[in-house]
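Notes to accompany the following structure.
Just so we're on the same page: letters track the sequence lines, and every chain starts at 1.
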2 protein chains.
Amino acid sequence: MSQDINAVMNEYLPLRDVVFQTLRQAILRGELEPGERLMEIHLANRLGVSRTPIREAIRKLELEGLVVMIPRRGAIVASITEKDLKDVLEVRRTLEIMAGEMACERITPELLEQLKSAGEEFRRLKDTNDFTSLAEVDVKFHDVIYAATDNQRLITILNNLREQMYRYRLEYLKDTGSHERLNTEHYEIYEAIRKGDKTSASAAIGRHIDNQRDAILAAIREHEKEENNKTDKNGKMKPRNAE
Amino acid sequence: MSQDINAVMNEYLPLRDVVFQTLRQAILRGELEPGERLMEIHLANRLGVSRTPIREAIRKLELEGLVVMIPRRGAIVASITEKDLKDVLEVRRTLEIMAGEMACERITPELLEQLKSAGEEFRRLKDTNDFTSLAEVDVKFHDVIYAATDNQRLITILNNLREQMYRYRLEYLKDTGSHERLNTEHYEIYEAIRKGDKTSASAAIGRHIDNQRDAILAAIREHEKEENNKTDKNGKMKPRNAE
DNA sequence: TTATACTCTTATGTATACAAAAAACACAGG
DNA sequence: CCTGTGTTTTTTGTATACATAAGAGTATAA
């Protein structure tokens, strides 16, 4: 019942956190594009708050690497280079495998059931055009594995690494040709974890991430090709400002 | 020469960053103890700035997990439970091994030389009582391995994980009995990386971290025993406030 | 036309002000 | 002595003010 009190109290969220989550989502979804300036007054007017919570939110985005600060010029949305993405995926591959192996040992029957459901849900959705739901259920599938590790630090890091690629997630899921393969990989991963077979789990997850990497790198290259069309004859980017 | 201009320009550091680094060091070194409140006005007076940079620094510490926010109560230095430390060390073990294996493939001659130097420096210091220098050179040794990975994301994460244990670093290095073993382990790691022998590197680093884990967990238990002596008869902690 | 100096505007960095929540305190009543 | 209640104090959360740096624009001179 002290839980109930807590639940009531937790309804309060500081404005800075609302702003943080709002900006964060906007960046990860690509609504704010790399290179775009985050101007405090504009954001403050847009969100109906003062500069203070905006600035505090930007400090968090800064630490997370989603924006970079230019001294006395403010924050701009961080660009992700192909090298950055490769680095992220390299680390993520290792940690996803680690999570899978830990899940083999530690997963509970409930979580195993959820893993199965997520896999089946993906299979049902894979031939539709509902890419958003498909992405969500894919996230769910991996979330279950993370949860099974019972290691909060690992979960936090993996979530962060995964979010670095949200901008490209929908892009590469639109390549419907890969859905069948994703589905197969999910099944392999599920089976390996169910049996507690760390070797198979490790191999299946490794393949899964490798495929994802290739798809994402293809998507980012496509994206960059488009971007280049927006550059002027001197090869300089057109300035893009926040509204 | 545009470098020179940059060097001059980089002399400027926003107050918020100075405050951030100051508070961060104070927490990691244990000068601010877990549970201690960070009161904005006091800190502002102490550091001779206004609340604004203090608050922005706290936002970063919050995201880093070094402080936890209590709504409308402010920030307190985060406590690390034994479970937290185990989680951190579990992830760190995996990533340190990953870094070591990558170093086997990618290390440059210069970095290999630095690795050797760091190892020798450690050997020279291991029988002195200069624990601070010993800790520094131990950090240096691992930094070289990180640098050899050529993966900035991995480096950032590893640094962060390592820093989570700075509070206990000096504690466990005071256990002089372990110095000889640490020295041996460094040598094994160096040799494995020099030969490009991923299997040996992986094994040596794994042992290294395992030993470190045991030492740190022993230190934290010792620490907690002391802490319990500070609790009153009701088992409640004595409040500790920032000056 | 191009370069340069000067102004003017805009946005950041820091300090301060103000409202409201929480804690500390004091006091009356059992 | 304890307990509950009203009051004061402290501290946070948010808004605003002010100084200054960076950039944009403008006019002038070569």
* Partner residues of A:Phe122 under the ring pair (Phe, Tyr, Trp, His ring centres under 6.0 Å) criterion, sequence neighbours left out -> A:His186

* Asked: Quick one: do A:Glu96 and A:Arg162 make a salt bridge, cutoff under 4.0 Å?
  -> no

* Asked: Any side-chain N or O of B:His42 less than 4.0 Å from the OP1 or OP2 oxygen of D:dT10?
  -> no

* Does A:Asp84 pair with B:Arg153 as a salt bridge, N-O distance under 4.0 Å? -> no

* To do: In plain terms, say whether A:Arg106 and B:Glu90 are close enough for a salt bridge, that is, a side-chain N and a carboxylate O under 4.0 Å apart.
  => yes

* Asked: Between A:Glu64 and A:Arg24, is there a salt bridge with N-O shorter than 4.0 Å?
  -> yes

* To do: Indicate for each nucleotide in nucleotides 12-20 of chain C, in 5' to 3' sequence, whether protein heavy atoms under 4.0 Å reach the base (B), only the sugar-phosphate (S), or nothing (-).
  => BBBBBB---

